[in-house]
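Reviewing the structure listed below.
Order of appearance sets the numbers: ligands from 1, and atoms from 1 within every ligand. These numbers come from a predicted model, not from an experiment.
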Amino acid sequence: MSYMGNPFYNVFNSQKSNQFAVAKASYKKRINKLNALKNAIENTYKDAIREAIYADFKKPYAETDLTEIYPVIGDIKFAKQHLKSWMKRQKVETPLALLGSSSWYIYEPKGVCLIISPWNFPLNLTFGPLVSAIAAGNTVIIKPSEMTPHISKVMKAIISELFSENEVALIEGDVKASQALLELPFNHIFFTGSPQVGKIVMKAASNHLASVTLELGGKSPAIIDDTINLKRAVKRLVWGKFVNNGQTCIAPDYVFIKASLKDVFIAEIRKQLQKFYSTNAETSDSYSRIVNKKHFNRLVSYLQDAKSHSATIEIGGQTNQDDCYIAPTVVSNLPEDSLLMQEEIFGPILPIKVYENIDEVITYINTKEKPLALYIYSKHKRTIDKVISNTRAGTSCINNNVVQYSNHNLPFGGSNNSGIGKSHGYFGFQEFSNMRSVMKQHTKGSVEFLFPPYTTLKQKIVDITLKWF
Ligand code: NAD
């Protein structure tokens, strides 16, 4: 198949030619690259990163430091600590039947990789996978989201300064650029975005049987029972829901609360919102904005739909289109067919559902697609165990939310509709590697006794082998 007309063929081809040189880079060389990236992010470009993300959706600097810069620096530090052992050949036992040989496997780079990233944590979700790809010895083409152009420019400057195009290249562009890239025969595609586009990516990957990591989204539930310290649970829930203006893949999308606690729960949320963002979040320096008018209008349409279904706006509901502002909003009495209960919200609107017993919650969750995250707040071990073992989700956190993302020892990713494959730390390194198995024959192998012709004696040995080995 000819790719000559593809606008990105040249850069792809240059990486393909260079992939073995990059793959052979020693542990030290890989660490040097990670150090250079770390230095660029936390020193040379730190202010530019903060300013760019503020220009893209008014994200407060402290939030950028915490949720964009810190996770990538953490990824790099973790990789630096462990890369030597990850890169080592992994010896495994050899069974007696294969006497005279030894076995191991190595993590070899996948080759030429594509990273397509979303806009909601534009630096974190672009450079996080890049750290794993570099650690594993790959060449990479990156396509960040067109919706956050300011930070894409800064990331482009960083990549151009640190890498030649035949090792890591960043392509700014919209869906068309993404589509053109997806035509090329990459060895691995790491995509973060919506399940709808995830399906497009997987279809394109199947043309070349490229392996994929799909970090997708969905509706992540939180459950709060009546054994918990409600004030503390609400503080954590409100942070997890409204940080980044609710535009977080693992934010609690909606919450189940014991019916008897509904009123006091809403009162606590109101108090907590005032503490975080004052009585008018529009004037708060700690509250970001919706990324653009398209997503603003999408969310406003969900609110209008809720009102037309006679739902109750318990808190918030105010909007300002000029500034893509939507107040922190809490909605109850939503019918199941409302958009807020059907679509991933990805914004600062929290639907509340009341429940009487935990079984109905479990049944409800299991009628939906497997969520990316599921949160349970309870002091009751039996309830926690019951929820975890009777539901399915990519990731869970007990008595908190979102923070599980920052533990590099944990695999991160969804399941089926919310994702395929895992990222972070060792799991990210694995994702960008092929586990190549190697067996070495040292002496005359035991199986050779069984080569044809199959005599009666050999048949007896086969019988013994089947029985005992
Ligand atoms: P999106 O799927 O619209 O876009 C993601 C990327 O895909 C962008 O770079 C975009 O240019 C590209 N793209 C869009 N349409 C395409 C098409 N038809 N063909 C090829 N490429 C295309 O997602 P988004 O709006 O940027 O991000 C929000 C979604 O991402 C939410 O569903 C959220 O839950 C999910 N998300 C998941 C994670 C995770 O780690 N699991 C993290 C962040 C966001």
Exercise. Compute the shortest N/O to N/O distance between Gly193 and ligand 1 and return yes if it is under 3.5 Å, no if not.
Key: yes
Quiz prompt | Taking atom 18 (N) of ligand 1 as the reference point, the nearest protein heavy atom with its distance | solution = Ile200 CD1, 3.5 Å
Exercise. Measure the acute angle between the ring planes of Phe190 and Phe432, then classify it against the limits of 30° and 60° as parallel, tilted or perpendicular.
Key: parallel
Quiz item: Taking the six-membered ring where the residue is Trp, are the ring centres of Phe346 and His295 under 6.0 Å apart?
Solution: no
Self-check item: Nearest-contact summary for atom 12 (C) of ligand 1 - protein heavy atom, Å
Solution: Ser178 OG, 3.9 Å
Quiz item: Is atom 27 (O) of ligand 1 less than 4.0 angstrom from at least one protein heavy atom?
Solution: yes
Quiz item: At their closest point, which heavy atom of Gln15 faces which heavy atom of Val140, and how far apart are they?
Solution: NE2-O, 3.0 Å
Practice problem: Would you kindly specify which portion of Leu216 sits under 4.0 Å from ligand 1, judged on non-hydrogen atoms: side chain, backbone, both or neither? | Solution: backbone
Quiz prompt | Where Leu125 and Pro118 come nearest, the two heavy atoms and their spacing | solution = CD1-CG, 3.7 Å
Quiz prompt | atom 22 (C) of ligand 1: the protein heavy-atom neighbour that sits closest, reported with distance to 0.1 Å | solution = Val197 CG1, 3.5 Å
Exercise. Do me a favour and list the nearest non-hydrogen protein atom to atom 40 (O) of ligand 1 with residue, atom name and distance?
Key: Phe412 CE2, 3.3 Å
Practice problem: Verify the ring-centre separation between Phe427 and Phe412: is it less than 6.0 angstrom? | Solution: no
Quiz item: For ligand 1, is Gly414 a contact, meaning one of its heavy atoms is under 4.0 Å away?
Solution: no
Quiz item: Taking distance alone, with no angle check, do Asp174 and ligand 1 share an N/O pair under 3.5 Å?
Solution: no
Quiz prompt | Sidechain N-carboxylate O distance under 4.0 Å for Arg289, Glu63 | solution = no
Quiz item: Which residues pass the ring pair (Phe, Tyr, Trp, His ring centres under 6.0 Å) test with Phe256, sequence neighbours left out?
Solution: Tyr254, Tyr364
Quiz item: Do you know the tightest heavy-atom contact between Gly317 and Thr329?
Solution: N-OG1, 2.9 Å
Quiz item: Any ion pair linking Lys422 and Glu215 (charged N to carboxylate O, less than 4.0 Å)?
Solution: no
Practice problem: Return yes when Phe191 approaches ligand 1 closer than 4.0 angstrom through a heavy atom, no otherwise. | Solution: yes
Quiz item: Which residue and non-hydrogen atom of the protein lie closest to atom 5 (C) of ligand 1, and at what distance in Å?
Solution: Thr192 O, 3.7 Å
Quiz item: Applying a 4.0 Å heavy-atom criterion (strictly less than), which segment of Gln196 is in contact with ligand 1: side chain, backbone, both, or neither?
Solution: neither
Quiz item: Heavy-atom distance to atom 39 (C) of ligand 1: which of Ser418, Ser423, Ser117, Cys249 wins?
Solution: Cys249
Quiz item: What part of Val201, side chain from CB on, backbone N/CA/C/O, both or neither, has a heavy atom under 4.0 Å from ligand 1?
Solution: neither
Quiz item: Would Glu172 and Lys153 pass as an ion pair if we require N to O under 4.0 Å?
Solution: yes
Quiz item: Considering only heavy atoms, does Glu146 approach ligand 1 within less than 4.0 Å through its side chain, its backbone, both, or neither?
Solution: side chain
Quiz item: Taking non-hydrogen atoms only, is Leu125 closer than 4.0 angstrom to ligand 1 via side chain, backbone, both or neither?
Solution: side chain
Quiz prompt | Heteroatom distance test (Glu344, ligand 1): nitrogen or oxygen, under 3.5 angstrom | solution = yes
Quiz item: Using 4.0 Å as the upper bound for N to carboxylate O, is an ion pair formed by Arg392 and Glu369?
Solution: no
Self-check item: Heavy atom of Ser145, distance to ligand 1 below 4.0 Å
Solution: yes
Quiz item: Identify the closest protein heavy atom to atom 44 (C) of ligand 1: which residue and atom is it, and at what distance?
Solution: Asn120 OD1, 3.4 Å
